Number of protein chains: 2
Amino acid sequence: VGTLDVASQLASFRQTIDNIDAALVYILAERFRCTNEIGLLKAEHDLPPADKSRQDRQLARLRDLAENARLEPEFVDKLMHLIFSEVVRQHEQTAAMRQARQPVTK
Amino acid sequence: VGTLDVASQLASFRQTIDNIDAALVYILAERFRCTNEIGLLKAEHDLPPADKSRQDRQLARLRDLAENARLEPEFVDKLMHLIFSEVVRQHEQTAAMRQARQPVTK
C-alpha cells in the first residue's frame with residue numbers, strides 16, 4: 001500500500017466523520033430546542049430545573065444502549081453529564097429571565 | 001392548564017429526548033468505529049494519533065454549523081474536546097496493542 005492510498009483512505013474516513021459530526025450538531029440543536037420547551041414548562045409551573053431520578057433512569061437506559069452499540073459506557077456517562085449540565089444552565093437562565101420580567105405579586 | 005396536562009406535555013417532550021438520545025448513542029458508536037479504523041491505519045503507517053490542524057478545521061466548521069442550527073458554540077467546543085480526547089485515548093491504546101503484539105525488529 002503506497003502513501004497515496006493511505007492518504008485517500010484517511011480522506012474517505014474523514015468525510016464520514018465530517019458527515020456524522022454535522023448530524024450530531026443538528027440532532028443536538030433539536031435536543032436543546034426540546035429541553036428549552038421543557039424549561040419553559042417547568043418555569044411556568046415552578047417545577048425544579050433538574051430531576052435526579054429522571055437523569056438516573058436516562059443514564060441506566062443509555063448505558064444499556066451503549067453496550068448494545070459497543071460504545072464505552074464511561075464515554076456515555078461523560079457525554080450525558082456534559083449535556084445535563086448545559087440543560088440545567090439553560091433552565092436556570094429561563095427561570096431567571098421569567099423572574100426578571102414578572103413583578104413579585106406576593 | 002391542569003396538573004395532568006403539564007405531566008402529559010412533559011412526558012411527550014421526554015419521549016422525544018429519549019428517541020434523540022438513542023440516536024446519539026448509535027451515531028456516536030458509528031463515529032468511534034470510523035475513528036478506530038483511522039487509528040489502525042495510523043498505527044500501521046506510524047502516523048501520530050492526534051492531528052492538531054485537522055482538529056482546528058473540524059472545530060471551525062462545527063462552530064459555523066452550530067450557529068446555523070442555533071446551538072451554543074461553547075457547547076460544541078466542549079463536546080468535541082470530549083470526543084477528541086476519547087479518540088486519542090483509543091488511538092494510543094491501538095498503537096500500544098500493536099506494539100505489544102510485534103517483536104522489535106531493529
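From a predicted model like this one, the values you see are computed outputs, not experimental measurements. Note on naming: letters A, B, ... go to the chains in the order of the sequence lines (proteins, then strands), and numbering restarts at 1 for each one.
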Peer 1: Could you tell me which portion of Gln90(B) (side chain, backbone, both or neither) has an atom closer than 4.5 angstrom to a non-hydrogen atom of chain A?
Peer 2: side chain

Peer 1: Quick one: are Ile27(A) and Ile27(B) in side-chain contact, heavy atoms under 4.5 Å?
Peer 2: no

Peer 1: Any chance you could measure His45(B), atom NE2, to Gln9(A), atom CD, to the nearest 0.5 Å?
Peer 2: 7.0 Å

Peer 1: Determine whether Ile17(A) and Ile38(B) make a side-chain contact, defined as any pair of heavy atoms from C-beta on separated by less than 4.5 Å.
Peer 2: yes

Peer 1: Taking Thr16(A), Val76(A), Leu10(A) one by one, which has the highest count of heavy-atom pairs under 4.5 Å against chain B?
Peer 2: Leu10(A)

Peer 1: So which of Arg33(A), Arg70(A), Glu37(A) has the largest heavy-atom pair count under 4.5 angstrom toward chain B?
Peer 2: Glu37(A)

Peer 1: Does Arg31(A) reach the side chain of Asp21(B), with side-chain heavy atoms less than 4.5 Å apart?
Peer 2: yes

Peer 1: Heavy atoms, side chains only, cut-off 4.5 Å: are Leu71(A) and Tyr26(B) in contact?
Peer 2: no

Peer 1: For the candidates Asn19(B), Ile20(B), Ile83(B), which exhibits the highest count of non-hydrogen atom pairs separated by less than 4.5 Å from chain A?
Peer 2: Ile20(B)

Peer 1: Tell me, side chain or backbone of Phe13(B) under 4.5 Å from chain A's heavy atoms, or both, or neither?
Peer 2: both

Peer 1: Show the nearest heavy-atom pair for residues Ala29(B) and Ala69(A), with the distance to one decimal.
Peer 2: CB-O, 3.4 Å

Peer 1: Salt-bridge test for Arg54(A) and Asp18(B): reply yes if a basic N is under 4.0 Å from a carboxylate O, no otherwise.
Peer 2: yes

Peer 1: Hydrophobic clustering (ILVMFWY, side-chain heavy atoms < 4.5 Å, transitive) - are Phe32(A) and Leu41(A) grouped together?
Peer 2: no

Peer 1: List the steps, then state whether side-chain contact (heavy atoms from CB on, under 4.5 Å) holds for Val25(B) with Arg61(A).
Peer 2: CA-CA 11 Å; Val25(B) 163; Arg61(A) 171 178 175 264; over 6 Å; no

Peer 1: Is the shortest heavy-atom distance from the side chain of Asp51(A) to the side chain of Arg14(B) under 4.5 Å?
Peer 2: yes

Peer 1: When rounded to the nearest 0.5 angstrom, what distance separates NZ in Lys78(A) from OG in Ser85(B)?
Peer 2: 6.5 Å

Peer 1: Any side-chain heavy-atom pair from Leu24(B) and Leu62(A) closer than 4.5 angstrom?
Peer 2: no

Peer 1: Taking the side chain as C-beta and beyond, is there a heavy-atom pair between Glu72(B) and Arg89(A) under 4.5 Å?
Peer 2: yes

Peer 1: Check the hydrophobic clustering (I, L, V, M, F, W, Y; side-chain heavy atoms under 4.5 Å; chains of links allowed) and say if Phe84(A) and Leu28(A) are grouped together.
Peer 2: yes

Peer 1: Do Leu79(B) and Leu79(A) make a side-chain contact, defined as non-hydrogen atoms from C-beta onward lying under 4.5 Å apart?
Peer 2: yes

Peer 1: Looking at Glu44(A), I want to see if its CD is surrounded by more than 12 non-hydrogen atoms of other residues, nucleotides or ligands under 6.0 Å.
Peer 2: yes

Peer 1: Looking only at heavy atoms and a cut-off of under 4.5 Å, which of Leu65(A), Leu47(A), Thr35(A) has the most pairs with chain B?
Peer 2: Leu65(A)

